[in-house]
Number of protein chains: 2
Amino acid sequence: MQMNLSTRQLRAFVALAELRNFTRAAVACHLSQSAFSSLIRTLEDDLGLRLFDRSTRHVDLTVEGREFALSAQRVLLEMDTALGQLRERAALERGKASLALLPSLAAGWLPAVLAGYRAQHPGIEVEVFDILSEPCIERVRNGQADFAIAATRAETPELRAEPFHTDEFHLVAHSGHALLALPEVKPRDLLPFDFVHLSRNTSVRQYLEAATLPLQMRTLLEVDQLATVMGMVRAGLGISVVPALALFHFQQTGIATRLLKWPQLRRAIYLVRRRDRSLSLAAQSLCDWIMARRPVASEAAAPVAASRKRID
Amino acid sequence: MQMNLSTRQLRAFVALAELRNFTRAAVACHLSQSAFSSLIRTLEDDLGLRLFDRSTRHVDLTVEGREFALSAQRVLLEMDTALGQLRERAALERGKASLALLPSLAAGWLPAVLAGYRAQHPGIEVEVFDILSEPCIERVRNGQADFAIAATRAETPELRAEPFHTDEFHLVAHSGHALLALPEVKPRDLLPFDFVHLSRNTSVRQYLEAATLPLQMRTLLEVDQLATVMGMVRAGLGISVVPALALFHFQQTGIATRLLKWPQLRRAIYLVRRRDRSLSLAAQSLCDWIMARRPVASEAAAPVAASRKRID
DNA sequence: CGATCTTACGGGATTCGTAAACATA
DNA sequence: TATGTTTACGAATCCCGTAAGATCG
């Protein structure tokens with residue numbers, strides 16, 4: 001049973017079965033006629049029976065050869081299908097990639113990047129989880145996502161993290177707010193004003209509290225979505241501090257922004273993936289594409305503004 | 001797409017996919033570990049992508065490898081099935097053979113021969129056409145029967161005939177009939193008695209008429225079946241002349257038989273098959289079996305008597 | 001350091017193509 | 001005799017196993 005049949009043998013057999021002529025079948029297989037002949041001979045010897053009745057004038061399948069031809073064609077078809085699918089994946093014409101990333105990245109930076117990627121690889125299905133850092137990491141850990149872009153440096157035996165971006169923070173306030181007139185804004189300058197916070201499980205909130213400790217800000221309210229923060233700020237109810245990647249929410253008339261040059265207030269963002277398994281070709285290509293187009297620190301605001309045009 | 005994949009490569013791949021260990025998979029494939037390694041490497045190179053993530057401690061399928069594993073297993077299963085079926089046919093454990101032969105042979109000689117064949121090859125399906133010579137030949141010509149045993153020497157560009165048997169004829173009459181007392185029975189001795197003929201399209205009738213020309217026998221009646229002839233003869237209505245192969249019909253009390261040693265009255269029987277196509281392995285084995293057990297002229301009556309016990 | 005995969009390399013088997021021999025209509 | 005298959009044989013290639021090298025836990 002441990003027989004070494006090659007697809008070339010099967011193809012030669014099928015070709016001869018169809019053409020019923022050694023010379024023409026040999027040409028079809030890009031072989032000399034004699035090599036083709038011994039190929040068939042070897043196949044028959046391996047199988048232990050004759051597949052063709054042949055004279056110098058006539059070649060035809062035996063009864064057993066006729067049965068084998070059906071199987072051989074089926075096997076070759078299946079093989080070609082499998083190879084075709086594999087080739088499509090290798091050529092990035094088909095596949096699936098899933099990434100988990102922060103909502104601000106998903107809404108502000110990702111769309112333009114993903115649009116370019118999809119234009120180049122329309123056959124690759126992309127799945128996006130736009131969720132907070134912790135769930136992002138969890139999706140990678142349990143295999144739901146191929147990789148994540150999150151604010152957690154998840155270096156574990158399972159996970160590998162590499163720097164993706166460093167995000168600076170901006171003050172956002174209603175136009176004409178008193179803070180905007182100061183030559184420089186420092187942490188304690190924020191204390192007198194009502195502040196719109198994001199919830200405590202966001203990385204933004206955590207970075208902000210770490211940077212202002214031990215000062216206590218005046219909390220107007222605490223919300224989950226940056227869009228809500230924007231609404232509050234635009235209405236003049238309070239001020240807030242948001243990372244550059246989220247600035248696109250605030251580029252509206254009536255809102256002013258100002259970069260905060262606090263050395264301790266910089267959000268590190270990482271690309272996180274599993275250590276033990278390689279990415280699928282599709283996921284790897286998406287990862288490469290994304291890494292090549294990650295936001296540059298000095299131009300953080302610019303691509304955000306560019307992408308804003310797309311999502312409005 | 002013209003890629004030369006061998007089943008050994010596929011088997012090695014599947015083995016490694018299951019065992020996730022080069023060393024053990026190499027053993028399972030009866031290869032050295034290094035040969036196995038380069039086999040996998042070659043397969044990956046041929047396909048143009050990596051099938052396994054491997055370190056010195058851990059081997060696992062890539063996403064693409066996982067997809068290919070499913071296809072490979074399916075292909076191997078199909079291949080094994082095909083090879084298994086072919087091997088069954090080569091081992092004569094399965095197959096089909098069909099033969100057309102004269103009713104007298106089918107009823108008298110064939111059963112014991114076929115019983116032995118079936119005992120040895122229970123998986124081979126045998127189809128029997130028990131019909132007259134002309135239809136026998138026709139069945140071979142149109143492919144319904146693999147070969148025929150008939151009284152026609154069918155030597156055409158399409159058909160090949162080889163001698164199978166020479167059949168002698170016997171007088172059959174009611175016990176105590178006057179003819180049985182003669183020292184020798186000659187053609188003209190039959191003329192005074194009522195004669196039970198077989199129909200004109202039987203070879204028996206044709207041989208008999210050729211041997212008695214230009215004499216005209218006294219026809220009592222003309223029937224199609226030898227069993228009917230027997231009934232008539234046993235009832236004393238008439239006499240008849242039948243070939244040795246049909247004598248088993250007449251081995252009954254009340255009927256006597258006598259060999260007619262007329263030189264011109266010998267029926268030649270041929271095995272007829274197509275020239276252009278070889279027999280299937282099953283048909284060839286049945287043909288060989290049958291040729292090895294064909295009735296011997298001098299003992300014509302003996303196997304008939306023996307087989308008669310089986311069919312009564 | 002030990003287990004495991006990869007690379008290097010020589011020998012043997014396989015396969016190829018050219019050319020001659022062979023077979024059939 | 002013409003067409004087409006098989007056989008003979010030297011050359012190139014492929015494949016295997018031994019042994020040394022590299023790598024990860």
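Everything numeric in this text was worked out from a predicted model, so none of it was measured. Each chain gets a letter, A, B and so on, in the order its sequence line appears, and its residues count up from 1.
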> Quick one: is the NZ or CZ of A/Arg267 closer than 6.0 Å to the six-membered ring centre of A/Tyr207, and within 45° of its axis?
Replying inline: no
>> Strictly below 4.0 Å: does A/Thr23 bring a side-chain N or O up to OP1 or OP2 of D/dG4?
In response: no
>> Under 4.0 Å from OP1 or OP2 of D/dT6: is there any side-chain N or O of A/Arg54 that close?
In response: yes
Separation of atom [atom1] in [X] from atom [atom2] in [N], rounded to whole Å:
X        : N      : atom1 : atom2 : answer
A/Asp276 : D/dC24 : CG    : P     : 15 Å
A/Asp45  : D/dT6  : CG    : C1'   : 13 Å
B/His58  : C/dA3  : NE2   : P     : 18 Å
A/Glu44  : D/dT5  : CD    : P     : 13 Å
B/Leu16  : C/dC5  : CG    : C1'   : 11 Å
B/Leu43  : C/dT6  : CG    : P     : 13 Å
A/Asn21  : D/dA2  : CG    : P     : 19 Å
B/Ile40  : D/dC15 : CD1   : P     : 13 Å

>> Run the ring-ring contact (aromatic ring centres under 6.0 Å, His included) test against B/Tyr117 and tell me which residues pass, sequence neighbours left out.
In response: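 ring-ring contact (aromatic ring centres under 6.0 Å, His included) check on B/Tyr117 returns B/His121, B/Trp289.
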> Hey, what do you get for CD1 (B/Ile131) to CD (B/Glu138), rounding to the nearest 0.5 Å?
Replying inline: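 Between atom CD1 of B/Ile131 and atom CD of B/Glu138 there are 9.5 Å.
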>> Within the supplied structure, the quantity of interest is the number of heavy atoms (other residues, nucleotides, ligands) at a distance under 6.0 Å from A/Arg8 CZ; does it exceed 12?
In response: no
>> Run the side-chain contact (heavy atoms from CB on, under 4.5 Å) test on A/Arg20 and A/Asp60 for me, step by step, so that the C-alpha distance in whole Å, both residues' side-chain angles and the decisive distance to 0.1 Å come before the verdict.
In response: CA-CA 6 Å; A/Arg20 291 173 157 75; A/Asp60 206 348; 3.2 Å; yes
> Which letters describe nucleotides 13-25 of chain C, given B = protein heavy atom under 4.0 Å from base, S = only from sugar-phosphate, - = neither?
Replying inline: ---SBBB---BBS
> Side chains of B/Thr62 and B/Asp53: is there a donor and an acceptor less than 3.5 Å apart?
Replying inline: no
